[in-house]
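One structure below.
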2 protein chains.
Amino acid sequence: MKISQLSAASGVSQPTIKLYLREGLLPPGAKTHANQATYSEAHVRRLGIIRTLTQVGGLSVASAKTVLDAIDSELPLNWTFGLAQRAASPDVDGTDLSDADLARADDFLAGLTYHDGPGRFGVAKALRAMADAGLEADGAWRESYRKAAEIIGEADIDLIDRREGRLAKAETVVIGTVLGDALLAALRRAAQEHFSSQRYLSRSTETAP
Amino acid sequence: MKISQLSAASGVSQPTIKLYLREGLLPPGAKTHANQATYSEAHVRRLGIIRTLTQVGGLSVASAKTVLDAIDSELPLNWTFGLAQRAASPDVDGTDLSDADLARADDFLAGLTYHDGPGRFGVAKALRAMADAGLEADGAWRESYRKAAEIIGEADIDLIDRREGRLAKAETVVIGTVLGDALLAALRRAAQEHFSSQRYLSRSTETAP
DNA sequence: CGATTATAGATAGTTATAGTATCCGTTATG
DNA sequence: CATAACGGATACTATAACTATCTATAATCG
């Protein structure tokens, strides 16, 4: 398969494929001459994953490279998990978080074990932003969110558990982390629409201007 | 309050404030002369919301303007809801979705009422991306996700219900939509970490390279 | 066989976004 | 009254993700 066929098969433009080759997201084709190479089905599949991560998951090309490298590597699964979480999260450092911010997050997370990382810091940042915006969420709302997160987190781990082999598990971790966020956000919108229309007896998302 | 004080009070640089004024995200100050104006606490608060939407919610300046306009307008609440959902979601059009894609989403959403929009289309896109990536999620996982989404969606509507007045409700819709996504993603990470470490008896997010 | 087309790889250009810097004439302030 | 700050316009910078062009070589087809 030459690059033109790879482009046709994947739906990714030729210059963009060259970009991914340059950046190391896509492994080079098998060289047949100094300036000829052939690509395989694996390249088509890889391009699909790259597009999924960047288009659906919203990852930057650099972030996508990080998690793809993690899949390919022989890193332990928990490292892959951490890398995927970090790549799929915005700035993850906790340097601008006060003790009060962290305490609020830890209170929310009570009952869960956690460590420093995207989870704890992300919760702290989101809660601080809510407080700053004057949206003090009440206990019932918080309890619902924590309950939902527990259901999902356990389901995610179960799904990974059921995969056979490190590569399949690693791919599930990466794809699941990135796409799970997108799916969850979309499901949330649908559920909001459902309960909103159920309660107000009017369509919640009429065509907006 | 002059612009220098507004900058100090909000932590947003003076040129950036001018940018937001130019783009119409921030209303102009009260003019005292042709080239003098004073700003109020409302401007500080507004800047906080702008930064929340752009920094935490990842919205573009243009998208942030859209939802801020929706808060200010007298649009019905369900329109505001739709606008916030659209602004916080990537491309929401369903033009590239096949009937099979939509059928898969509708199957997932069984039991919920929904319409065309970010929810249905987003679910369809995420599920298609998962299928493309070879991640076929089993029924247990799907059931968990739907259950979690129902819990959250209902909690969101409850929270909005408890607010008094259209403005407060509208602000809750917008902030809640944008920050809820971020909070939920972070909670998911924390929960994954919890169940992962519980199950494997090892830390799930050791410091990654 | 030879003309045309395609290829790999390098380099340069494009577009969009978000923010920054510099002017300007005017106004506040010490 | 002198200096600093102001509002507003314009121009600049940085980054990211592509896209286009170029060159020499290789494949392809009549």
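Quick note on labels: first sequence line is chain A, next is B, and so on, each numbered from 1. All values reported here derive from a predicted model rather than from experimental measurement.
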Expressed in angstrom and rounded to an integer, what is the separation of [X] atom [atom1] from [N] atom [atom2]?
{"X": "B:Lys18", "N": "D:dC6", "atom1": "NZ", "atom2": "C1'", "result": "7 Å"}
{"X": "B:Gln14", "N": "D:dG7", "atom1": "CD", "atom2": "C1'", "result": "10 Å"}
{"X": "B:Leu59", "N": "C:dT17", "atom1": "CG", "atom2": "C1'", "result": "14 Å"}
{"X": "B:Leu26", "N": "C:dG19", "atom1": "CG", "atom2": "P", "result": "13 Å"}
{"X": "A:Leu19", "N": "D:dT21", "atom1": "CG", "atom2": "C1'", "result": "16 Å"}
{"X": "B:Gln36", "N": "C:dT27", "atom1": "CD", "atom2": "C1'", "result": "5 Å"}
{"X": "B:Leu6", "N": "D:dG8", "atom1": "CG", "atom2": "P", "result": "13 Å"}
{"X": "B:Glu23", "N": "D:dA9", "atom1": "CD", "atom2": "P", "result": "12 Å"}

Is the shortest side-chain N/O distance from [X] to OP1 or OP2 of [N] below 4.0 Å?
{"X": "B:Gln55", "N": "C:dA18", "result": "no"}
{"X": "A:Thr16", "N": "D:dT19", "result": "yes"}
{"X": "A:Tyr20", "N": "D:dC18", "result": "yes"}
{"X": "B:Tyr39", "N": "D:dC6", "result": "no"}
{"X": "A:Ser13", "N": "D:dT19", "result": "yes"}
{"X": "A:His33", "N": "C:dT7", "result": "no"}

_Pair A:Asp69-A:Lys65, salt bridge (charged side-chain N to carboxylate O under 4.0 Å, His left out): steps then yes or no_ = CA-CA 6 Å; A:Asp69 286 349; A:Lys65 176 168 166 49; 3.1 Å; yes
*Return the 5'-most residue of the pair A:Pro28, B:Ala62 with respect to DNA chain C, ranking by each residue's nearest nucleotide.*
A:Pro28
*Report the residue (A:Lys2 or B:Arg51) whose heavy-atom-nearest nucleotide on DNA chain C is the more 5′ of the two.*
A:Lys2
Under 4.0 Å between any heavy atoms, over every strand shown, what does [X] touch: base, sugar-phosphate, or nothing? Just pick one.
{"X": "B:Thr54", "result": "nothing"}
{"X": "A:Gln5", "result": "nothing"}
{"X": "B:Lys31", "result": "sugar-phosphate"}

*asked:* For A:Arg189, is there an ion pair with B:Asp181 - N to carboxylate O distance below 4.0 angstrom?
replied: yes
*Would you please say whether a donor-acceptor pair under 3.5 Å links the side chains of A:Ser7 and A:Ser4?*
no
*Assess the side chains of B:Glu154 and A:Gln192: does a donor N or O sit below 3.5 Å from an acceptor N or O?*
no
*Indicate the ring-plane relationship of A:His43 and A:Tyr39, choosing parallel, tilted or perpendicular according to the 30° and 60° boundaries.*
perpendicular
*Please determine, for the side chain of A:Ser4, which listed nucleotide (C:dA6, D:dC6, C:dA21) has the closest atom?*
C:dA6
*What's the closest nucleotide to the A:Ser60 side chain, out of D:dA17, C:dA8, D:dG7?*
D:dA17
*Quick one: pull up OH in A:Tyr145 and CG in A:Leu127 and give me the separation to the nearest 0.5 Å.*
11.0 Å
*Find which nucleotide of DNA chain D each of B:Ala37 and A:Val61 is nearest to by heavy atoms, and output the residue with the more 5' nucleotide.*
B:Ala37
